[in-house]
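Input: a single structure, listed below in structure tokens.
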Amino acid sequence: QAKQVLQDHFYCSTQQLKMSQPAKPNCPNFSSGPCAKRPGFDPAVAYKDAPFGRSHRAPVGLNKIKESMAMTKEILKIPKDYLVAMVPASDTGAVEMMMWQLLGPRGVTVCHWESFGSGWMTDAEKQLKLPKLRNLKAPYGELPDLKSIDWNDDVVFTWNGTTSGVRVPNADWIPDTRAGLTICDATSAAFAMDIDWSKIDVLTYSWQKCLGGEGAHGMLVISPRTVERLESFKTDRPMPKIFRLTKNGKLDKSIFNGAVINTPSMTCFEDYLDALKWAKSVGSLDGLIARSMRNLDVIKQFVSTHPWMQFLAKEPATLSNTSVCLVINDLSKEQVKTLIALLERNKVAYDIGAYRDAPAGLRIWCGPTVETKDVAALMNWIDYAHDKVKSGNIKKMKIIVTDGLAEGAMKVLKAAGHEVVKKKLSKEELAAGALAEWDAIIIRSATKVTGAVLKATAAVPGSKLRLVARAGVGVDNVDLKAASAAGVMVVNSPLSATNSVVELALAHLLSQARQIPRADRGIREGKWLKNELVGHELAGKNLGFIGFGRIGQGLGKVAKAIGMNIHVYDPFLPQHVVDAFGATRHETPMDVFRACTHITIHAFLSPQTKNMVNESLIGVMPGVAPDGTKCGNHIVNCGRGGIIDEVAAAAALKSGKLTSLALDVFEKEPCGKTPLLEAERFQGSPHVGASTIEAQNRVGAEIAGAVLAALDGSPPPGNLVNKDVQPKFAAPKAKM
């Protein structure tokens with residue numbers, strides 16, 4: 001099976017790889033902890049029997065715990081006289097609780113060859129201050145001299161080095177007639193490697209590794225020899241409750257019979273049970289090991305045919321089949337970071353960088369829950385990304401930010417190796433081709449990238465501009481046709497500000513209904529206008545939408561929840577969306593205005609929508625709600641300035657035909673002097689729809705991701721606006 005996967009994925013033509021991106025893994029989760037969930041995982045199915053809100057001591061909870069312990073012993077082939085328990089604080093807690101309770105009566109040897117094993121040495125030396133302590137260590141990629149161990153000592157070791165990709169090949173180096181105990185951290189080995197239990201006295205692991213379970217819970221397996229030590233060794237060191245396994249000098253057997261030390265998450269237990277059942281379905285331990293080995297075989301085959309990649313493990317027999325650590329020997333440390341960032345931006349692989357203390361490279365999780373075909377697809381992508389980085393196609397770009405951007409987004413762009421500069425450009429500078437020296441420009445609504453600007457930019461010899469990024473939704477300040485003609489991609493961030501604009505539009509609707517601005521001004525002027533300020537409820541009123549996209553639908557949900565009737569004009573909207581809202585659809589804007597006392601604008605500015613809301617449309621508004629309430633006529637625009645004829649709207653406010661008008665956007669910004677300011681029932685905000693902490697962070701993150709992906713040559717389809725563009729500097733008809 002692994003051979004067939006290799007043939008299917010690795011033997012595509014070199015030309016195909018150069019011209020197009022390979023297929024992506026179905027699941028990009030290759031983290032070494034928490035690890036990928038099992039194939040086909042569905043929380044609705046996995047947790048359908050979870051005892052939410054029930055005590056772990058109740059029969060339903062206790063039986064779940066007992067069942068999981070029994071299945072653990074069965075699948076891992078644990079001897080009958082060994083005991084199994086769930087303990088607090090993940091694998092770390094399990095290892096340390098045993099070190100604290102067992103170590104002291106004998107000398108101790110800590111064997112370590114990576115960061116987590118080194119942590120156990122630190123515990124023994126700095127915290128427990130053990131008097132007879134041997135530090136048996138090896139550098140990353142190697143094992144220490146295990147034959148040199150004095151087996152009168154207790155020995156602490158990791159079966160598999162999660163951060164080095166080096167494992168013990170077997171347990172033959174552990175004698176049957178040892179005096180000391182073996183304490184084995186097997187967190188990235190359990191359920192993926194064959195363990196000789198006769199050589200193990202304590203074994204620990206966590207659910208979130210080979211079975212893709214949840215974190216925070218540790219598992220403990222102990223031998224009869226360990227029980228004897230627990231009952232015979234009396235230490236004077238402080239022992240926290242979460243470490244205690246004995247009571248009155250004897251083993252507390254209830255802990256190994258479902259009575260856990262502290263309150264567990266029953267959801268996590270249900271998740272563990274689901275993973276155990278899946279493990280049995282694929283052949284239990286033997287099947288799990290086979291799945292992991294097939295994944296390793298894919299990487300072995302790749303390494304054998306790509307001399308620029310090698311395993312961190314020096315000896316083949318010590319090569320991990322779960323946490324596979326790799327070195328790329330023809331790229332610098334910074335280039336490796338660039339490669340990893342490219343994979344993450346393209347949603348190919350997450351969290352595969354080497355551990356922070358390890359040599360620079362990759363760490364790919366190949367445990368049983370990872371599909372072999374996904375490993376193969378990942379390796380093809382690594383090959384593709386390596387070629388792009390090595391050839392210089394992924395290189396430092398110059399990015400100018402002219403209208404402001406969240407600092408977090410700036411850091412993301414800089415961390416990817418690009419030069420990022422915040423700088424205002426005047427109309428004159430833009431018209432003179434100032435953008436030619438920049439690979440990308442990030443704008444909001446203030447900077448206008450017109451056809452003339454793009455033409456002037458293209459006319460500069462050596463012009464580099466390839467991307468215009470709009471941090472926000474609307475791109476009416478960019479000439480899309482001219483951008484496509486110039487080979488300049490245009491991306492936006494359509495999702496980030498939705499909730500913030502929805503809330504502002506709702507705030508304006510409520511403020512209009514209750515005349516809050518007028519009330520506030522009255523109090524400031526010493527007037528108590530309680531009798532004059534009689535408002536109306538929004539419930540029962542008809543709210544008309546001109547445009548019913550993401551923001552319109554978001555506001556529609558809220559408006560419907562408070563009892564408003566939804567009316568829609570949007571010629572591009574699928575009918576099923578209208579039906580889902582129980583909304584009334586209209587063929588023309590005139591029909592909407594005729595039916596509604598409240599109107600909200602969520603359309604783009606175009607020649608067709610310019611000054612669309614004029615005297616004629618305002619003139620047909622009914623002023624009376626379906627329930628007979630004489631609530632007047634009210635309009636809100638948090639969409640685009642210029643859609644409302646502001647002169648006509650001011651006249652309607654003055655005549656009383658329009659009761660109130662709320663604008664967050666204006667035809668000219670800043671709006672300066674406008675006749676609207678003379679109307680008592682006009683309320684305005686200075687284009688602050690997206691001006692919330694949350695939206696700015698989301699806008700920045702979304703646009704930064706879109707910019708990086710676009711500069712890599714693969715703009716996200718959901719962010720690319722001019723989809724007909726043939727990107728500048730790209731090979732003709734290349735699949736980008």
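Note that this is a predicted model, so its numbers are computed, not measured.
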Evaluation steps, side chain to side chain contact (heavy atoms under 4.5 Å, CB included), between V578 and F581: CA-CA 5 Å; V578 179; F581 275 86; over 6 Å; no
Any donor-acceptor N/O pair, [X] side chain to [Y] backbone, under 3.5 Å:
X	Y	value
R470	R444	yes
S463	T457	yes
K24	A377	no
R698	S496	yes
T674	L677	no
K337	G353	no
S31	P34	yes
W381	P22	yes
K423	V421	no
D439	I400	no

State whether a side-chain donor-acceptor pair under 3.5 Å links [X] with [Y].
X	Y	value
S206	T187	yes
S332	E334	no
S685	H508	yes
D357	S115	no
S445	N477	no
E702	N719	yes
H687	E669	yes
T450	D479	no

Which residue, I599, N637, I635, forms the side-chain contact (heavy atoms from CB on, under 4.5 Å) with V613? I635
Tested for side-chain contact (heavy atoms from CB on, under 4.5 Å) against T447, the lone hit among L430, V468, L425, L435 is L430
Distance from [X] atom [atom1] to [Y] atom [atom2], nearest 0.5 Å?
X	Y	atom1	atom2	answer
M410	I399	CE	CD1	9.0 Å
K209	S188	NZ	OG	6.0 Å
I352	R363	CD1	CZ	11.0 Å
F682	L661	CZ	CG	6.0 Å
L510	E537	CG	CD	11.5 Å
S391	H386	OG	NE2	9.5 Å

K37 and side-chain hydrogen bond (donor to acceptor under 3.5 Å, both in side chains): which partner among T369, D274, D271? D271
Please report the shortest heavy-atom distance between [X] and [Y], naming the atom on each side.
X	Y	result
L378	A349	CD1-CB, 3.6 Å
A709	P716	CB-CD, 3.6 Å
F545	G552	CE2-O, 3.3 Å
A710	M489	O-CE, 3.4 Å
V491	P715	CG1-CB, 4.4 Å
I703	N492	CD1-C, 3.7 Å

What I want to find out is whether E437 reaches K398 closely enough, with some N-O distance under 4.0 Å, to be called a salt bridge. yes
Is the shortest distance from a Lys or Arg side-chain nitrogen in K610 or E667 to a carboxylate oxygen in the other one below 4.0 Å? yes
Determine whether more than 12 heavy atoms belonging to other residues, nucleotides or ligands lie under 6.0 Å from atom [atom1] of [X].
X	atom1	value
F52	CZ	yes
R514	CZ	no
K723	NZ	yes
K422	NZ	yes
K448	NZ	yes

Stepwise, does the side chain to side chain contact (heavy atoms under 4.5 Å, CB included) test hold for K390 with L331? CA-CA 7 Å; K390 183 69 175 175; L331 296 182; 3.9 Å; yes
Step by step, would you call I441 with L465 a side chain to side chain contact (heavy atoms under 4.5 Å, CB included)? CA-CA 8 Å; I441 177 174; L465 185 68; 4.2 Å; yes
Is there a side chain to side chain contact (heavy atoms under 4.5 Å, CB included) between Q21 and N346? Walk through the geometry before answering. CA-CA 10 Å; Q21 295 176 352; N346 283 279; 4.0 Å; yes
Before you tell me yes or no, could you show the steps for H602 and T600 under side chain to side chain donor-acceptor pair (under 3.5 Å), namely the whole-Å CA-CA distance, both residues' side-chain angles and the distance that decides it to 0.1 Å? CA-CA 7 Å; H602 302 285; T600 179; 2.7 Å; yes
Audit row: F548, Y569, ring pair (Phe, Tyr, Trp, His ring centres under 6.0 Å) steps and yes/no: CA-CA 7 Å; F548 203 58; Y569 169 74; over 10 Å; no
Return the orientation label for the Y355 and F116 ring planes: parallel under 30°, perpendicular over 60°, tilted otherwise. tilted
For the pair H217 and W207, name the ring-plane relationship: parallel under 30°, tilted 30 to 60°, perpendicular over 60°. parallel
Is there side-chain contact between E419 and M397, with heavy atoms separated by less than 4.5 Å? no
